[in-house]
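Letters A, B, ... are given to chains in the order of the sequence lines, protein chains preceding strands, and every chain is numbered from 1.
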Amino acid sequence: MSYWLMKSEPEEVSIDDALAMPAIPWFGVRNYQARNFMRDAMRVGDGVLFYHSSCAEPSIAGVAEVASTAYPDDTQFDSASKYFDAKSTPETPRWMLVDIKALRKTRLLGLAEMRTCDALSDMLVLKKGSRLSITPVTSDEWAEVMRLLDQ
DNA sequence: GCCAACGTTGGC
DNA sequence: GCCAACGTTGGC
């Protein structure tokens with residue numbers, strides 16, 4: 001069992017949006033490293049920190065889990081979508097995704113608070129210049145975040 | 001809106 | 001395959 005942090009812009013898909021659905025396809029990832037995590041490393045049942053990015057309060061906003069293995073992201077074939085990729089074909093899809101099942105909304109755990117915690121000092125999302133929208137989280141970091149969320 | 005960081009593109 | 005130019009991300 002592995003753990004992940006996954007960024008979503010709440011104006012596009014918030015934790016509330018995700019909770020309103022049985023599961024949500026994590027569409028729109030257009031970075032190879034993030035894609036490879038979904039395609040190669042994620043397993044059904046892996047833990048996910050649902051993170052709100054590019055918003056007033058960038059923060060962990062909920063807990064979710066991986067709910068499917070990887071399959072092609074349909075938005076890459078949709079010319080009307082902002083995620084359209086003209087170089088991708090259904091025969092050899094470039095972008096894959098997994099379904100994510102939101103489990104619960106949490107209090108907002110912001111970056112500043114996370115930075116005050118020594119146990120989280122190596123979290124990739126806290127690194128300067130970190131832009132990767134999906135990052136692995138260690139089991140120790142996961143446990144610490146769960147502890148903080150309960151406070 | 002600024003800008004640092006970093007990924008991608010394309011000429012050579 | 002190098003690397004400069006360019007585009008994007010995302011916190012601030």
Check the distance between dG7(C)'s P and Lys82(A)'s NZ and give it to me in whole angstrom. 18 Å

Test: side-chain hydrogen bond (donor to acceptor under 3.5 Å, both in side chains). Region: residues 16-27 of chain A. Which pairs qualify, not counting sequence neighbours? Ser14(A)-Asp17(A), Asp16(A)-Lys105(A)

Spacing between Leu132(A) atom CG and dG10(C) atom P, to the nearest angstrom: 9 Å

So with a 6.0 Å cut-off around CD of Glu57(A), is the heavy-atom count from everything else above 12? no

Measure CG/Leu109(A) against C1'/dG11(C) and give the value in whole Å, please. 16 Å

Please report the closest heavy-atom contact between Arg94(A) and Lys87(A), naming both atoms and the distance. NH2-CB, 3.3 Å

Testing the basics here: between Asp99(A) and Ser68(A), what is the closest heavy-atom pair and its distance to 0.1 Å? N-OG, 2.8 Å

Using whole Å, report how far CD of Glu9(A) lies from C1' of dG11(C). 12 Å

N/O (side chain, Lys7(A)) to phosphate O (OP1/OP2, dG10(C)) under 4.0 Å: yes

For the side chain of Gln33(A), starting at C-beta, report the closest nucleotide among dA5(B), dG10(C), dG7(B). dG7(B)

Rounded distance in Å - CZ (Arg35(A)) to C1' (dT8(B)): 14 Å

Length of the OH-P vector between Tyr32(A) and dT8(C), whole Å: 15 Å

Let's see if you can work this out: which of dG10(C), dT8(C), dT8(B) has an atom nearest to the side-chain heavy atoms of Arg131(A)? dT8(C)

Are Tyr83(A) and dT8(C) close enough that a side-chain N or O sits under 4.0 Å from OP1 or OP2? no

Within this structure, what is the CD-to-C1' distance between Glu57(A) and dG11(C), rounded to whole angstrom? 14 Å

Ignoring backbone atoms, test whether Lys128(A) places a side-chain nitrogen or oxygen under 4.0 Å from the OP1 or OP2 oxygen of dA5(B). yes

Please check if the number of heavy atoms outside Glu11(A) that lie under 6.0 Å from its CD is greater than 12. no

How many whole angstroms separate atom CH2 of Trp95(A) from atom C1' of dT8(B)? 10 Å

Under 4.0 Å between a side-chain N or O of Arg115(A) and OP1 or OP2 of dC12(C)? yes

